[in-house]
Amino acid sequence: MSVRVRFAPSPTGYLHVGGARTALFNWLYARKHGGKMVLRIEDTDAARNTEAARSAILDGLRWLGIDWDEGPDVGGDVGPYFQSQRQEIYDRHLQQLEAAGRIYTEDTGAVRFRFSREPITVHDLVCGDVTFAATEEPDMTIRRPDGSYIFHFVNVVDDLEMGITHVIRGEDHLSNTWKHIDLFNALGQSAPTYAHIPLLLNPGGSKMSKRDEGAAIANYQEEGYLPEAVFNYLCLLGWTPRAEQEKLDRETLVALFDASEIHSSNARFDLSKCQWLNAQYLRALSDEALFAVARPFLVHAELQIEDEAMATAAVASVKEKVSLLSEFPEWVHYFFKDDSPYESDVVSKLRSKPENASLLETAAETLEAVDEWTEASIQSAIAAAAEKEEVKVGALMPLLRGALSGQMRGPGVTTIAFLLGREKTHQRILQAVSLI
RNA sequence: GACCCUGUCGUCUAACUGGCUAAGACACCCGACUUUCUAUCGGGUAACUGCGGGUUCGAAUCCCGCCAGGGUUGCCA
């Protein structure tokens, strides 16, 4: 029997990291075993079921590169893939339960499922065999008086109808799984194989909630994470790929994935490691690819991109210094704007010695005299200025850095000057001198 | 309360069926390098493996008890 897994989010208006990781583990399992990934929208709660809420989930999944073989937008043989459109299917299964004598209707009109009240064992790929004693809970409601159905029932019916072979979901469902198995049995079917994966906890140690930093996948996109980095990081929580390094691409992760190696203890979410991984991915990009992904962030910061080649080089010049795309503007804005203020440590550096003015003026002169504007010629012009002023090159460089960029950090000074061009280089040095 | 899952550096995790000095990554600290850095390189702090018993020549690993954290216990999903 070929593998069929599913991710079944309810439309809440955003994709939660925990949900994303659940989707991701399902996806890995499907791809690893050549199975099908089904996406089903659990929108039985009409109040929350909006188009915007639904697309937020789909967008999040697509951004992460998690695709589905059946579900919204792609269709499939066992649809519809929205629970809100499956009423007749549920009605049919309710009748089946009725025929089996397993339901009864309350005075209020709600329908309850009669538990078998026998011990039930969940055979779980992650947690092993977990046995629940015969329950003493009241029978569970599966249909409301208004005719709509409750989660546990529709979830089971859909998994059954959609031929789901493996249910990979958060551990918060483990305690209710016996109810699902009871339902499967009552419908004369055997339950799928379960794998309950550990929960994602916030740094405080409780279940990640909407409010926690990093809870919504859309935030990662906005803050300049690359989807492959987030994908990679999420894999590392609760599962250890057996590899030399931790930066691993999708194909490798699929190849290494083994559901039985998923841990059973919860994991806290560590944003700084996710950032570190993102930095690794940024560095691995070509200059062109990096510029393509950084560009929207430059535009958002209102930097005017006139010369693409220059902009590409500017972004590339700080590639190793940045871990999020959103950090680029603050590192490169002076390549695009002339009115960026000098940072305070730059001003104090410039004013630290009275002779700094003449040093810079000399540099301006030797740079003006350069024939061809290349990094090499810029380097020798600066060296010449230093020699003329009888100081070390190392004494002049920081001044020039501050004068040209307004910052005491950044790419090499010759690179800054080269990318700025002869004219702006000259202007900015004189501007700095006027500040002294 | 009851039931379920879990417990190794601050965090994520290693440690084959019990066997080297409990390993790595992130973070942090220090140093070096460099014209600078949130970069790079090097080094370091950090876990009596939750606690207490037991089995064993030997326990992170097996057993018991306790404690702690998380989860479930809806006419939410």
Side-chain angles (χ1 to χ4, degrees), chain A residues 8-12 19 41-45 47-49 83 106 108-112 122 124 126-128 130-133 135-138 140-152 154-155 169-179 196-201 203-207 233 235-242 244-247 263-277 279-280 283 318-324 327 330-331 345-346 349 379 382 386 392-402 405 407-416:
Chain A
S10 67
T12 51
I41 305 297
E42 306 216 330
D43 55 356
T44 52
D45 186 356
R48 289 197 292 192
N49 178 21
Q83 287 186 334
E106 299 257 331
T108 58
V111 176
R112 285 184 185 265
V122 179
D124 195 282
V126 174
C127 304
V130 182
T131 300
F132 293 83
T135 188
E136 291 175 20
E137 280 182 34
M140 77 171 156
T141 305
I142 57 175
R143 197 181 74 161
R144 302 184 187 90
D146 69 1
S148 64
Y149 290 92
I150 302 297
F151 164 73
H152 300 294
V154 293
N155 191 266
R169 62 183 9 170
E171 195 223 81
D172 49 343
H173 290 287
L174 180 60
S175 298
N176 281 325
T177 300
W178 65 269
K179 297 177 185 173
H196 285 94
I197 65 179
L199 265 20
L200 249 34
L201 270 28
S206 54
K207 190 176 166 183
Y233 178 66
C235 287
L236 264 25
L237 295 174
W239 173 55
T240 305
R242 306 256 169 195
E244 289 294 307
Q245 53 170 8
E246 294 183 300
K247 177 176 175 286
H263 313 150
S264 38
S265 61
N266 294 342
R268 293 187 196 213
F269 195 83
D270 180 13
L271 210 50
S272 66
K273 184 152 183 178
C274 189
Q275 279 184 23
W276 169 80
L277 202 50
Q280 306 308 305
R283 288 164 197 209
V318 294
K319 192 194 269 186
E320 286 84 18
K321 302 170 192 295
V322 163
S323 48
L324 298 177
E327 294 169 0
E330 64 190 77
W331 282 86
D345 53 343
V346 173
K349 175 71 182 173
Q379 178 72 39
I382 294 170
K392 290 182 185 168
V393 176
L396 181 52
M397 284 294 189
L399 294 175
L400 280 170
R401 167 183 298 287
S405 70
Q407 301 180 160
M408 292 309 291
R409 60 182 189 280
V413 171
T414 54
T415 303
I416 297 176

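Letters A, B, ... are given to chains in the order of the sequence lines, protein chains preceding strands, and every chain is numbered from 1. Below, each value reflects all heavy atoms present in this structure, side chains not excepted, and no hydrogens, waters or symmetry copies.
Scanning for salt bridge (charged side-chain N to carboxylate O under 4.0 Å, His left out) contacts around Asp172(A) gives Lys207(A), with sequence neighbours left out. Asp124(A) is linked by a side-chain contact (heavy atoms from CB on, under 4.5 Å) to Val122(A), Val126(A), Cys127(A), Leu174(A), Tyr194(A), His196(A), counting only residues two or more places apart in sequence or in another chain. By the side-chain hydrogen bond (donor to acceptor under 3.5 Å, both in side chains) test, Arg143(A) is found to be paired with no residue, residues two or more places apart in sequence or in another chain being considered. Residues satisfying the side-chain hydrogen bond (donor to acceptor under 3.5 Å, both in side chains) criterion with Gln83(A), sequence neighbours excluded, are Glu42(A), Asp158(A). The side-chain hydrogen bond (donor to acceptor under 3.5 Å, both in side chains) search around Lys321(A) returns none, not counting sequence neighbours. Under the salt bridge (charged side-chain N to carboxylate O under 4.0 Å, His left out) criterion, Arg144(A) pairs with no residue at all, not counting sequence neighbours. Taking His152(A) as the reference, His180(A) meet the side-chain hydrogen bond (donor to acceptor under 3.5 Å, both in side chains) condition, with sequence neighbours excluded. When the salt bridge (charged side-chain N to carboxylate O under 4.0 Å, His left out) test is applied to Arg112(A), the partners found at least two apart in sequence or on another chain are Glu106(A).
Closest to the side chain of Ser10(A), out of A77(B), U73(B), C5(B), is A77(B). The nucleotide whose nearest atom lies closest to any side-chain atom of Ser175(A) is, among C75(B), C26(B), C4(B), C4(B). The nucleotide whose nearest atom lies closest to any side-chain atom of Arg409(A) is, among C4(B), A15(B), C37(B), C37(B). Side chain of Glu330(A), nearest nucleotide from A15(B), C4(B), U38(B): U38(B). When distances are taken from the side chain of Lys321(A) to each of A39(B), C5(B), C76(B), the shortest belongs to A39(B).
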Short N/O separations, protein against nucleotides 64-66 of chain B, under 3.5 angstrom:
none

Check nucleotides 10-13 of chain B against the protein and report each pair of N or O atoms closer than 3.5 Å, with its distance, or say if there are none.
from   : atom 1 : to        : atom 2 : distance (Å)
C12(B) : OP1    : Arg268(A) : N      : 3.0
C12(B) : O2'    : Leu236(A) : O      : 3.0
U13(B) : OP1    : Gly238(A) : N      : 2.5
U13(B) : OP1    : His263(A) : ND1    : 3.2
U13(B) : O3'    : Thr240(A) : OG1    : 2.5
U13(B) : O3'    : His263(A) : NE2    : 3.3
U13(B) : O2'    : Thr240(A) : OG1    : 3.2

Return the polar atom pairs (N/O with N/O) between nucleotides 32-35 of chain B and the protein under 3.5 Å, or none.
from   : atom 1 : to        : atom 2 : distance (Å)
U35(B) : O2     : Arg401(A) : NH2    : 2.8
U35(B) : N3     : Val413(A) : N      : 3.3

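Using a 4.0 Å heavy-atom cutoff across all strands shown, Glu171(A) reaches at least one base atom of the nucleic acid. Note on Pro145(A): a base of the nucleic acid sits closer than 4.0 angstrom, heavy atoms only. Contact annotation for Arg283(A): backbone-only contact, meaning every heavy-atom pair under 4.0 Å involves sugar-phosphate atoms and none involves a base. Using a 4.0 Å heavy-atom criterion, one finds that Ser405(A) contacts no nucleic acid atom at all. Within the 4.0 angstrom heavy-atom criterion, only backbone atoms of the sugar-phosphate kind lie near Asp172(A); the bases stay farther away.
Counting heavy-atom neighbours within 6.0 Å of Glu137(A) CD, excluding the residue itself, gives a total above 12.
Taking atom P in both U11(B) and A47(B), one finds a spacing of 12 Å when rounded to whole Å. Comparing G53(B) with U13(B), their C1' atoms are spaced 29 Å from each other, to the whole Å. Look at the C1' atom in both C51(B) and A59(B): the space between them is 16 Å, to the nearest Å. Rounded to whole Å, the separation between the P atoms of U72(B) and U55(B) comes to 40 Å.
The partner of C67(B) is G7(B), judged by Watson-Crick or G-U wobble contacts that both fall below 3.5 Å. Base pairing of U45(B) is not made with any nucleotide, judged by Watson-Crick or G-U wobble geometry with both donor-acceptor distances under 3.5 Å. In this structure, A77(B) makes no Watson-Crick or G-U wobble pair, since no nucleotide meets both defining distances under 3.5 angstrom. Shown here, U38(B) forms no base pair; nothing in the strands shown gives a Watson-Crick or G-U wobble contact with both key distances under 3.5 Å. With a cut-off of 3.5 Å on both Watson-Crick or G-U wobble distances, the partner of G19(B) is given as C57(B).
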Footprint string (nucleotides 45-50 of chain B, 5' to 3'): B base within contact, S backbone only, - free, heavy atoms under 4.0 Å: ------
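Nearest-nucleotide mapping onto RNA chain B: of Trp276(A) and Leu199(A), the residue sitting toward the 5' end is Trp276(A). Residues Leu174(A) and Gln83(A) each lie close to RNA chain B; by heavy-atom proximity, the contact nearer the 5' end of the strand is made by Leu174(A).
Contact record, Pro411(A) with Val318(A): CD-CG1, 3.7 Å, taken as the closest heavy-atom pair. Across Gln245(A) and Lys247(A), no two heavy atoms sit closer than the pair NE2-O, 3.1 Å. Closest non-hydrogen pair, Ile41(A) versus Pro11(A), comes out as CG2-CG, 3.8 Å.
Under the 30°/60° scheme for interplanar angles, the aromatic rings of Tyr233(A) and Phe269(A) are found to stand perpendicular.
Between the side chain of Thr108(A) and the base of C75(B), at least one donor-acceptor pair of N or O atoms lies under 3.5 Å.
At distances below 3.5 Å, not a single donor-acceptor pair connects side-chain atoms of Arg283(A) with backbone N or O atoms of Ser323(A).
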Could you walk me through whether His263(A) and Thr240(A) pass side-chain contact (heavy atoms from CB on, under 4.5 Å), step by step? CA-CA 9 Å; His263(A) 313 150; Thr240(A) 305; 3.6 Å; yes
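For the OP1/OP2 pair of U6(B) and a distance below 4.0 Å, the side-chain nitrogens and oxygens of Ser264(A) include at least one atom meeting the criterion.
Of the residues listed (Ile197(A), Leu201(A), Leu200(A)), the one engaging Asn266(A) in a side chain to side chain contact (heavy atoms under 4.5 Å, CB included) is Leu201(A), and it is the only one.
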